[in-house]
2 protein chains.
Amino acid sequence: MNIKEVARLAKVSTATVSRTINGSDKVTAKTAERVRRAIETLKFYPNTNARALGSGRSSLYGLIISDITNPFFPELVKSFEDIAVQFGQEVLIANTNYDPHRMEVCVSRMLQRKVDGVAIMTSEMDERLIDELNSRSIRMVFLDTGKPQKGISNIAIDYASGIDAAVEHLSALGHTSIGFICGPMQLTSARTRRRAFIQSLKRKGLLLDNQLIEEGNHRMDGGHEAMLRLLGKNPRPTAVLTSNDMMAIGAIGALGEHGLKVPRDISIIGFDDIELGAFTQPALTTVRLSRPEIAKVAFRALYDAKDDATAMGAEFTIQPTLIERKSTGPAPKHRA
Amino acid sequence: MNIKEVARLAKVSTATVSRTINGSDKVTAKTAERVRRAIETLKFYPNTNARALGSGRSSLYGLIISDITNPFFPELVKSFEDIAVQFGQEVLIANTNYDPHRMEVCVSRMLQRKVDGVAIMTSEMDERLIDELNSRSIRMVFLDTGKPQKGISNIAIDYASGIDAAVEHLSALGHTSIGFICGPMQLTSARTRRRAFIQSLKRKGLLLDNQLIEEGNHRMDGGHEAMLRLLGKNPRPTAVLTSNDMMAIGAIGALGEHGLKVPRDISIIGFDDIELGAFTQPALTTVRLSRPEIAKVAFRALYDAKDDATAMGAEFTIQPTLIERKSTGPAPKHRA
DNA sequence: CTGTTAGCGCCTTCAG
DNA sequence: CTGAAGGCGCTAACAG
């Protein structure tokens, strides 16, 4: 089953079939209709591989993420796909599993499939692999990594503004002793969030107590343990910001075990706004880093520049926003 | 950059390059080595589209799921990919979003990309689409849907045994009044789980109180509300099974709001064993439906039969297993 | 507006 | 064991 059989049935040339499939406007409505009917009755599906080979365009966009089981990513993947579909493009997803070697494999797959562009949503990226992509004129877009260059765009997250909003919120509730559970310090994004927190305290004229910054692993258990350590401090913070929601959820669990009520005894604010956060007990106040927005910007960064792959990349900025739910409240009057 | 340039550099024909790329054993080790070096220095990546077109095999396997943001799926996707990679195959993921129309789109993508087989892990499937696939000799494997046929395998979940284990566990703890929060009744799998629960009670000689079966939506909020309804019943159950973990988590939240302790006042058992369950407060006792196992069986069902696509499909059975954590305990002596 | 005809890059007989 | 050459299904000039 191929274009030729369709052509025969519709009594036109293969070129005309190709044209109507691709929505060319230089086909009479009548001929096009005939072709479409032939396609219908033959249940013909154009061969993507042949299309890509013939045209040079794959209509495929790569999306490289760290780990699909990390709750941050599924929504990103879904949104990216939705947008791609809207534009008639397809998505090739690849996981690095946080492993530099696998990143190599991922890039290799992108190269072999001749993607038209690739969104690299992991925090680290090998310079050599970038060159590999670059030398084949494949546009890239990164998430919060590096500066725009020829063919490379970047999506910057304005962590400062998001964390400022969180600190402001706590400050307005009367909190002055605010702790922070940061992510693993080898992650650029974790370092950035931590820095944003410190600077935010300064800006608000709040006391920075280095004791109240604990490191976690961006997972629930890490948040749990970090919170336990924080509870041992004296004075203990009345509110805690975390570098991501998973740790916030873990922290709330730790508090529960110690008979502490959130937000009565301690307020908690997460970061990311994963879906789960709306359903925890209490619902998590958090700083939303909108995945749909990131996905949309990433795709457009690639797609809109598809015709001049070597054009200068742009820098886009995403503003996180505070989502007030139930895990924050007035600072307790008396210390436990 | 193509096979021709590699051939020129290595001073062989394109056929020889093709052969060494494909690991044919009829190439001298020395020639192969020379070719590989040429590939290396040229940084040549074979064009997948051309390969598929030329060979007729795409080395691509489709994986159709309902929704990547449903926590059941990411691990399945990951495992499926891992296995595929081990066998040098690639995976094309498609989401239906629970929408029959999107299922059509998904199948269409599979057809256009000429997948070598497709794992359909959604609960419902259109007969017509199956024929579409079947008529093109594309092997399929379903999850707990229908019977094996020519070219179609099925992975059956032994719900009965999993739920039996859960009921047995509760029974041994002294529970006699056991409630059930079932999934949306339009889902086949939800109906099956419900039926398994009812039959399990019978087998154990436990009382079946229809009042104690409430319907949820397989999400946290549904579990939350169903549990609230269950709390209004008299007598109230001392233990509750849920059709999936998300609802169990929601149920635990509802209990917390009412000042009830799990498992002191009520025991809860989930189903699926999503990663999250290990981190809830308390950690969730659940019936594990191993996604890695499902993924492995699904892939093998497709891959092992790749050479005779019309061979009869097989039926595979997956045994769920009870994972005892902290959300179950002895039945309370006194009723609240 | 429609048909003709080269490729696209690789695989795969078929010879040698 | 290696090379030559046709073909996979479609697209994209180029004619007409």
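Below, chains carry the letters A, B, ... as their sequence lines are ordered, and counting in each starts from 1. Since the model is a prediction, treat every value here as computed from it, not as a measurement.
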### Residues which pass ring-ring contact (aromatic ring centres under 6.0 Å, His included) with B:Y61, listed by chain and number, not counting sequence neighbours
B:F299
### Task
For B:G313 and B:P148, work out which heavy atoms get closest and say how close.
O-CB, 3.6 Å
### Message
Distance under 4.0 Å to a non-hydrogen atom of chain B counts as contact; along DNA chain D, which nucleotides mark the start and end?
### Response
D:dC1 to D:dG9
## Note on the structure
Heavy-atom closest pair (B:M312 atom, B:R139 atom, distance to 0.1 Å) is O-NH2, 3.9 Å
### Query
Between B:Y45 and B:N2, is any side-chain donor less than 3.5 angstrom from a side-chain acceptor?
no
### Query
Going by number, which of residues 33-49 of chain A have a non-hydrogen atom under 4.0 Å from DNA chain D?
A:F44, A:P46, A:N47
### Residues in contact with DNA chain C, drawn from residues 104-115 of chain B - heavy-atom cutoff 4.0 Å
none
#### Entry: Inter-axis angle, terminal five-pair segments of the helix from C:dC1-D:dG16 to C:dG16-D:dC1 [nearest 10°]
30°
#### Entry: Contact residues, residues 50-60 of chain A to DNA chain C [heavy atom, < 4.0 Å]
A:L53, A:G54
## Note on the structure
In short, ring-ring contact (aromatic ring centres under 6.0 Å, His included) pairs touching residues 101-133 of chain A with sequence neighbours left out are none
### Task
Go through the side-chain N and O atoms of A:N47 and B:Q112 and say whether any donor and acceptor fall under 3.5 Å apart.
no
### Message
Can a donor-acceptor pair be found, under 3.5 Å and without considering hydrogens, that links the side chain of B:T41 to the backbone of B:A38?
### Response
yes
### Query
Can you name the residues that form a salt bridge (Lys or Arg N to Asp or Glu O under 4.0 Å) with B:K147, not counting sequence neighbours?
B:E315
#### Entry: Contact summary for B:A10 and B:R34, nearest pair of heavy atoms
O-NE, 2.9 Å
### Task
Grab the two heavy atoms, one from B:L60 and one from B:V91, that are nearest each other, plus how far apart they are.
CD2-C, 3.6 Å
#### Entry: Those residues of residues 14-27 of chain A lying under 4.0 Å from DNA chain D by at least one heavy atom
A:A15, A:S18, A:R19, A:N22
### Query
Would you say the side-chain atoms of B:D67 and B:T69 include a donor-acceptor pair closer than 3.5 Å?
yes
### Residue B:E40 excluded, over 12 heavy atoms near CD under 6.0 Å
no
### Message
Which residues pass the side chain to side chain donor-acceptor pair (under 3.5 Å) test with A:E75, not counting sequence neighbours?
### Response
A:R291
#### Entry: Pairing residues for B:N49 by the side chain to side chain donor-acceptor pair (under 3.5 Å) criterion, not counting sequence neighbours
none
### Task
Heavy atoms only: give me the nearest B:V118-B:L133 pair and the separation to one decimal.
CG1-CG, 4.2 Å
### Task
For B:D304, enumerate each residue passing the side chain to side chain donor-acceptor pair (under 3.5 Å) test, keeping only those at least two apart in sequence or located in another chain.
B:R300
### Short N-O contact, A:R136 and A:D131, less than 4.0 angstrom
no
